[in-house]
Amino acid sequence: MPVQNAATASNTSTWPIIDDASVTSTALLTDMYELTMVDAALHSGTADRRCIFELFGRRLRSARRFGVVAGTARALEAIQRFHFTDTQLRYLKDNAIISDKAISFLENFRFTGDIWGYAEGEMYFAGSPLLTVDAPFAQACLLETVLLSIFNFDCAVASAASRMTIAAHGRPCLDMGARRAHERAAVSAARAAVIAGFAGTSDLEAGKRYGIPTIGTAAHAFTLLHDTEEEAFAAQIALMGTGTTLLVDTYDVLTGVRRAVQAANNAGGQLGAVRLDSGDLVAQAFKVRGLLDELGATDTKITVTSDLDEYAIAALGAAPVDSYGVGTKLVTGSGIPTAALVYKMVERAGSGGTMEPVAKRSESKSTVGGRKWAGRVIDPAGHAVEELLVSAPDEAHGLAVLAEHSARPLQVPLVRQGEIDKQWIGPEALKAATLRHRESRNELPYHAWRLSEGEAGIPTTYL
């Protein structure tokens, strides 16, 4: 086909037409083999067998002494939108991905099962069943990829963010990672970071969607746009007021600080903050603090950016820094970009209808069969000492065993017969998850807060 000039191209396009419903549907955010398994199960007569799947991590990485549950609300919203549109079904049919029998099954697909899970913001450890899906095989199977993609990313970001807020010792951490990630992943990362204690984000879509406070003033380009640094600072203050944050390292840092303070003084106020984005941040912070105080700008804050991670933040602990802007290392999980969670069947109905534990026996990838009820054992001092996973036939038996061991139950009902409990989604759910994370993390023993590699914060025990 000859290439057409954009100005003369006709309205006829060889690109596929994408309908709005397909964009909002999550049904094809999946791996092909999930659909082919369902197809085969429909033909073998096993698609309706009741099954229980658990989403968990086999182990924590040595650089992670705990994990943070994040993504629950996004997963529930994805389940709400998990339905197949006519366009999607036509794609599956035209490409002979599944049979007509499976196409008919998917036409009115809706999840009708139950889901339990750790409340968002909770800590988790090896084996912790972050989600427990109880549904017919064909329903539970189809959710695997979309659930794993959400939890593996969000938990990785939240776990890294929690370590960063530990290292910050109460100083605010702010998400500035939007330009370092997929544009949609950046929105999810901002939400996960807030769960772990971040105070705001530079990403406006995240602010709009989740009610997260947004931050941002100007980059080096704004300074370079003007003939002088003084003109750039004056222009920013004229619009944003003296309480703004001025970036002072485009040229010489200390000269920039003097010009920034003078620009605020000329406008009749004291400068809100200066931002440092390069060089030896520890040494510069001390020099800048000294100069600000010498110039009478004692209330002017110092915020630092420049490829920070939890270790860099910890190194700045003794420096006169007031807040941290974190980008690349946040949205990439600070070197661990996935939580390495898996989604495995642990129980199913046999041919007679009785539920039976099932498990993989593969070397290094074995699983523990049977549905687990999770609790955290707390000692008299209020510190967590053990993650307890109890195999039991139902909730009553599971909770009874947890109570015998003085373990705090960790799982909550998220979905009942396909109906999502709305308390787990929306802005209020995010606020609750942030508070829950703080409380859950405060239960951990001191060694679990260390940034060094080591054993998990608490051991996991199966009963």
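Reckoned from all heavy atoms, side chains included, excluding hydrogens, waters and symmetry mates.
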message: Looking at Q423, I want to see if its CD is surrounded by more than 12 non-hydrogen atoms of other residues, nucleotides or ligands under 6.0 Å.
response: yes
Residue pair F198 / V157, side-chain heavy-atom distance below 4.5 Å: no
- prompt: Got L414 and L131 here, is their nearest side-chain heavy-atom distance under 4.5 Å?
  reply: yes
- request: Please name all residues satisfying side-chain contact (heavy atoms from CB on, under 4.5 Å) with R110, sequence neighbours left out, ordered by chain then number.
  value: T112, E419
task: Measure across A374 and L402 and return the closest heavy-atom pair with its distance rounded to 0.1 Å.
output: O-CD1, 3.4 Å
- request: Using atom types as modelled and distance alone, determine if a side-chain donor or acceptor of D379 lies under 3.5 Å from a backbone N or O of A381.
  value: yes
query: Taking the side chain from D114 and the backbone from Q417, do they hold a donor-acceptor pair closer than 3.5 Å?
result: yes
query: Is there a donor-acceptor pair under 3.5 Å between the side chain of T460 and the backbone N or O of A126?
result: yes
message: Nearest 0.5 angstrom please: F82 CZ to L142 CG, how far?
response: 5.0 Å
field: R171 vs Y324 side-chain heavy atoms within contact, under 4.5 Å
entry: yes
- prompt: Roughly how far, to the nearest 0.5 Å, is the NE2 atom of H220 from the CZ atom of R275?
  reply: 6.5 Å
Expected output: side-chain W373 to main-chain A396 donor-acceptor under 3.5 Å: no
query: How long is the span from the OH atom in Y33 to the OG1 atom in T145, to the nearest 0.5 Å?
result: 6.0 Å
- prompt: Within the side chain of R371, is there an N or O that forms a donor-acceptor pair under 3.5 Å with the backbone of E54?
  reply: no
field: side chain to side chain contact (heavy atoms under 4.5 Å, CB included) assessment of L430 paired with I195
entry: CA-CA 7 Å; L430 178 57; I195 290 172; 3.6 Å; yes
field: Atom of G121, atom of S440 and distance for their closest heavy-atom approach
entry: O-CB, 4.4 Å
message: Contact between K329 and L308 at the side-chain level, heavy atoms closer than 4.5 Å - yes or no?
response: no
- line: Smallest heavy-atom separation, A448 atom then G457 atom, equals CB-CA, 3.5 Å
query: Hey, is the main chain of L204 close enough, under 3.5 Å, to the side chain of T214 for a donor-acceptor pair?
result: no
query: In chain order, what residues pass the ring pair (Phe, Tyr, Trp, His ring centres under 6.0 Å) check against F153, with sequence neighbours excluded?
result: none
message: Side chains of D154 and S188: any donor to acceptor distance under 3.5 Å?
response: no
task: Rounded to the nearest 0.5 Å, what's the gap from CG on N442 to CE on M123? Could you check?
output: 9.5 Å
task: Go through the steps to decide whether I79 and L147 satisfy the test side chain to side chain contact (heavy atoms under 4.5 Å, CB included), and finish with yes or no.
output: CA-CA 9 Å; I79 293 170; L147 293 179; 4.2 Å; yes
query: Is the side chain of S334 donor-acceptor paired with the backbone N or O of A160 at a distance under 3.5 Å, no angle test?
result: no
query: Does NE2 in H43 sit with more than 12 non-hydrogen atoms of other residues, nucleotides or ligands closer than 6.0 Å?
result: yes
field: Heavy-atom check, side chain of F109 versus side chain of Q139, under 4.5 Å
entry: yes
- request: Starting from the C-alpha separation in whole Å, work towards a yes-or-no answer on side-chain hydrogen bond (donor to acceptor under 3.5 Å, both in side chains) for T332 and R180.
  value: CA-CA 8 Å; T332 58; R180 300 290 189 247; over 6 Å; no
statement: Nearest heavy-atom approach of A135 to G113 is CB-CA, 3.9 Å
query: Tell me, do I215 and M176 make a side-chain contact under 4.5 Å, heavy atoms counted?
result: yes
- prompt: Going through the checks in order, is the side chain to side chain contact (heavy atoms under 4.5 Å, CB included) test met by I98 and L106?
  reply: CA-CA 10 Å; I98 52 177; L106 297 178; 3.5 Å; yes
- line: All heavy atoms of A189 vs all of V331, minimum pair found to be CB-CG1, 3.8 Å
query: Of T245, D322, L276, which is the lone residue that meets side chain to side chain contact (heavy atoms under 4.5 Å, CB included) with T303?
result: T245
query: Using the ring of each side chain (for Trp, its six-membered ring), is F53 parallel, tilted or perpendicular to Y343, with breaks at 30° and 60°?
result: parallel
Could you list the donor-acceptor pairs under 3.5 angstrom formed between side-chain atoms of residues 56-69 and any protein atom two or more places apart in sequence or on another chain?
from	atom 1	to	atom 2	distance (Å)
R58	NH2	K365	O	3.2
S62	OG	E453	OE1	3.2
R64	NH2	G333	O	2.9
R65	NE	S452	O	3.0
R65	NH1	H447	O	3.4
R65	NH2	S452	O	3.4
R65	NH2	S452	OG	3.2
R65	NH2	E453	O	3.1

- prompt: Taking all non-hydrogen atoms of both residues, which atom of A78 and which atom of V146 are closest, and how far apart?
  reply: CB-CG2, 4.0 Å
query: Quick one: salt bridge (charged side-chain N to carboxylate O under 4.0 Å, His left out) pairs with a partner in residues 29-53, sequence neighbours left out?
result: R50-D134
- prompt: So, Q411 side chain and K372 main chain: donor-acceptor pair closer than 3.5 Å or not?
  reply: yes
Donor-acceptor list for residues 384-393 side chains, cut-off 3.5 Å, not counting sequence neighbours:
from	atom 1	to	atom 2	distance (Å)
E386	OE2	T461	OG1	2.4
E387	OE1	R376	NE	2.7
E387	OE1	R376	NH2	3.1
E387	OE2	Y118	OH	2.7
E387	OE2	S128	OG	2.9
E387	OE2	R376	NH2	3.2

- prompt: How about W116 and R416: do any of their side-chain heavy atoms sit closer than 4.5 Å?
  reply: yes
message: To the closest 0.5 Å, what do you measure between OG (S159) and CD1 (I336)?
response: 8.5 Å
- prompt: Listed by chain and number, what are the ring pair (Phe, Tyr, Trp, His ring centres under 6.0 Å) partners of F222, not counting sequence neighbours?
  reply: H226
message: Can you confirm whether K360 is buried at NZ, in the sense that more than 12 heavy atoms of other residues, nucleotides or ligands lie under 6.0 Å from that atom?
response: yes
query: Picking from R436, R191, K431, what satisfies salt bridge (Lys or Arg N to Asp or Glu O under 4.0 Å) with E120?
result: R191
message: Whether the side chain of N152 engages the backbone of A340 through a donor-acceptor N/O pair (distance < 3.5 Å, no angle test) should be reported.
response: yes
task: Decide yes or no on side chain to side chain contact (heavy atoms under 4.5 Å, CB included) for F125 and I458, but give the supporting numbers first.
output: CA-CA 8 Å; F125 300 90; I458 57 175; 3.5 Å; yes
- request: Measure the OG-CD distance between S351 and E356 for me, rounded to the nearest 0.5 Å.
  value: 7.0 Å
- request: Give the intermediate values and the outcome of side-chain hydrogen bond (donor to acceptor under 3.5 Å, both in side chains) for residues R441 and T165.
  value: CA-CA 11 Å; R441 192 173 71 181; T165 54; 2.9 Å; yes
field: Side-chain donor or acceptor of S104 paired with backbone N/O of D100 under 3.5 Å
entry: yes
- prompt: So do Y210 and V194 actually touch side chain to side chain, heavy atoms under 4.5 Å?
  reply: no
